[in-house]
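First up is the structure itself, then whatever we jot down about it.
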Amino acid sequence: MTELKKNFAVIGNPIHHSLSPQIHRAFAKETGLHIEYEAILSPLDEFKNTIHQLIAQKLSGANVTLPFKKEAFQLATSHSSHARIAEAVNTLEFKDDQIIGHNTDGIGLVRDLEQNLDTHLKNKKILLIGAGGAAEGVIYSMLEKKPSELTLTNRTIEKSNVIQNKMDVHAKSFDVNLKVTEIAKCSHQYFDVIINATSASLSNAELHMDPKVFHEGCLAYDMMYGKETSYIREAKSQGSKTSDGLGMLVEQAAEAFFIWHHIKPQTKSVIESLKAF
Ligand code: ATR
């Protein structure tokens with residue numbers, strides 16, 4: 001008897017640039033699974049209908065990308081702890097009548113840092129730039145790794161304060177000093193890892209960070225990928241190690257793949273092949 005192919009998709013707007021189909025098909029090939037994985041454009045005001053249509057078409061799961069991660073959280077009937085804390089969902093499982101929401105972004109970032117870039121977060125001092133969905137989606141996973149300090153900064157500092165208030169209970173439970181510092185004052189402090197979670201690079205905008213925040217011993221990470229950002233150029237010019245977010249993209253996909261199929265795919269060869277792409 002031939003095995004029924006399970007269907008998956010990534011949903012966003014825009015979506016044509018998404019690498020998720022390529023990544024999931026590569027994982028499926030490597031693990032010997034037979035799946036379909038498509039990119040689906042949802043109209044901006046039609047996300048809920050799009051999901052219900054996909055469920056009617058017997059999709060088994062979906063990844064969700066910008067700008068629908070908050071809506072996916074609202075739509076899910078139950079949530080993983082990471083999704084509940086981030087109040088955002090990037091992976092949906094459709095099981096019986098349930099829509100289970102997960103968030104694998106934070107796990108993806110931490111795995112890329114620790115496993116691929118050999119940058120362990122325990123007892124380190126981390127600076128997280130940005131206070132939008134991208135930043136909020138990864139904070140809990142970083143706290144879990146017990147850095148000594150996690151400093152939040154953002155152009156609009158009030159938004160960092162809101163996140164600090166929300167996450168402080170978790171920071172305390174992991175014994176992490178969760179602080180907020182104005183962007184102009186970050187260079188007065190020492191950081192081992194500096195993560196750009198803003199969307200500034202999307203519009204080729206400058207972050208207006210004092211370059212003195214970077215130094216030879218630190219890793220400057222940009223969640224963006226696909227082109228060298230001015231943030232990465234600046235960090236390199238100060239002698240820092242740097243990385244874009246391609247590894248995070250592949251690792252968050254690997255965790256989604258594990259949730260759906262209970263198999264952990266190899267990620268390194270996929271990251272390498274996408275770098276060469
Ligand atoms: P995402 O879900 O990608 O995080 P978002 O919620 O719109 O998107 O958040 C974008 C983040 O990038 C915010 O932290 C934003 O700063 P503000 O809160 O001050 O708007 C930040 N950002 C975007 N463009 C920026 C720029 N040119 N300089 C500095 N920060 C910028």
Side-chain angles (χ1 to χ4, degrees), residues 10-15 17-20 42 44 47 63-75 82-92 101-110 112 126-142 150-167 178-187 191 194-214 220-235 244-249 251-253:
V10 58
I11 299 145
N13 187 330
I15 200 65
H17 61 284
S18 174
L19 296 173
S20 293
S42 169
L44 290 174
F47 177 71
N63 286 128
V64 179
T65 186
L66 296 177
F68 299 124
K69 291 183 185 183
K70 291 272 174 201
E71 268 186 84
F73 175 78
Q74 304 293 344
L75 197 59
H82 284 87
R84 201 174 318 112
I85 291 165
E87 294 179 18
V89 156
N90 76 339
T91 302
L92 292 168
H102 301 263
N103 193 318
T104 66
D105 285 330
I107 293 166
L109 171 66
V110 166
D112 193 34
I126 304 173
L127 175 64
L128 181 66
I129 313 161
E136 208 173 348
V138 298
I139 290 175
Y140 184 76
S141 296
M142 287 197 288
L150 177 54
T151 302
L152 309 178
T153 194
N154 191 42
R155 176 176 60 180
T156 314
I157 201 71
E158 295 76 20
K159 283 163 73 178
S160 297
N161 289 323
V162 170
I163 296 183
Q164 183 195 32
N165 287 337
K166 191 173 142 191
M167 298 303 289
L178 183 64
K179 305 195 300 186
V180 171
T181 301
E182 281 175 36
I183 211 156
K185 295 188 181 150
C186 289
S187 60
F191 299 105
I194 304 176
I195 298 169
N196 181 11
T198 74
S199 54
S201 312
L202 274 180
S203 49
N204 287 322
E206 300 286 332
L207 274 178
H208 302 296
M209 299 280 302
D210 182 343
K212 287 204 288 284
V213 73
F214 301 114
Y221 191 97
D222 198 328
M223 286 196 197
M224 293 286 152
Y225 55 85
K227 63 175 184 203
E228 188 171 78
T229 61
S230 59
Y231 166 83
I232 291 287
R233 273 197 301 279
E234 194 128 276
D244 72 6
L246 187 67
M248 173 181 171
L249 177 79
E251 295 296 344
Q252 65 76 30

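The basis for the numbers below is simple: all heavy atoms, side chains too, and nothing from hydrogens, waters or symmetry mates. Ligands are counted one by one from 1 in listed order, and the atoms in each one are counted from 1 as well. Since the structure is predicted, the reported quantities are computational estimates derived from the model, not experimental observations.
Between the side chains of Asn63 and Ser20, no donor-acceptor pair is found at a separation under 3.5 Å. Checking Tyr221 against Asp112 by side-chain atom types alone, a donor-acceptor pair falls below 3.5 Å. For the residue pair Asn90 / Thr104, a side-chain donor-acceptor distance below 3.5 Å is found, with atom types taken as modelled.
No donor-acceptor pair under 3.5 Å is formed between the side chain of Ser160 and the backbone N or O of Ala131.
A distance of 8.5 Å separates OG in Ser141 from CG in Asp105, rounded to the nearest 0.5 Å.
The protein heavy atom nearest to atom 17 (P) of ligand 1 is Thr156 OG1, 3.4 Å. Remark: minimum distance from atom 18 (O) of ligand 1 to any protein heavy atom is reached at Lys159 NZ, 2.6 Å. Of the protein's non-hydrogen atoms, the one nearest atom 2 (O) of ligand 1 is Gly133 N, 3.3 Å. Here the heavy atom of the protein found nearest to atom 23 (C) of ligand 1 is Ser199 OG, 3.3 Å. Nearest to atom 3 (O) of ligand 1 among the protein's heavy atoms is Ala134 CB, 4.0 Å.
Under the 4.0 angstrom criterion, atom 7 (O) of ligand 1 counts as lacking any protein heavy-atom contact.
Ligand 1 places these atoms under 4.0 Å from at least one heavy atom of Ala131: 14 (O). Near Ala205, the atoms of ligand 1 lying under 4.0 angstrom from a non-hydrogen atom of the residue are 27 (N). Residue Gly130 approaches ligand 1 through these ligand atoms, each under 4.0 Å from one of its heavy atoms: 14 (O).
Of all the listed residues (Asn154, Thr153, Leu66, Leu202), Asn154 holds the heavy atom that lies closest to atom 15 (C) of ligand 1. Nearest to atom 29 (C) of ligand 1 by heavy atom, out of Thr198, Leu128, Leu207, Ile163, is Leu207.
Contact between Ile157 and Thr181 at its shortest, heavy atoms only, is CD1-O, 3.4 Å.
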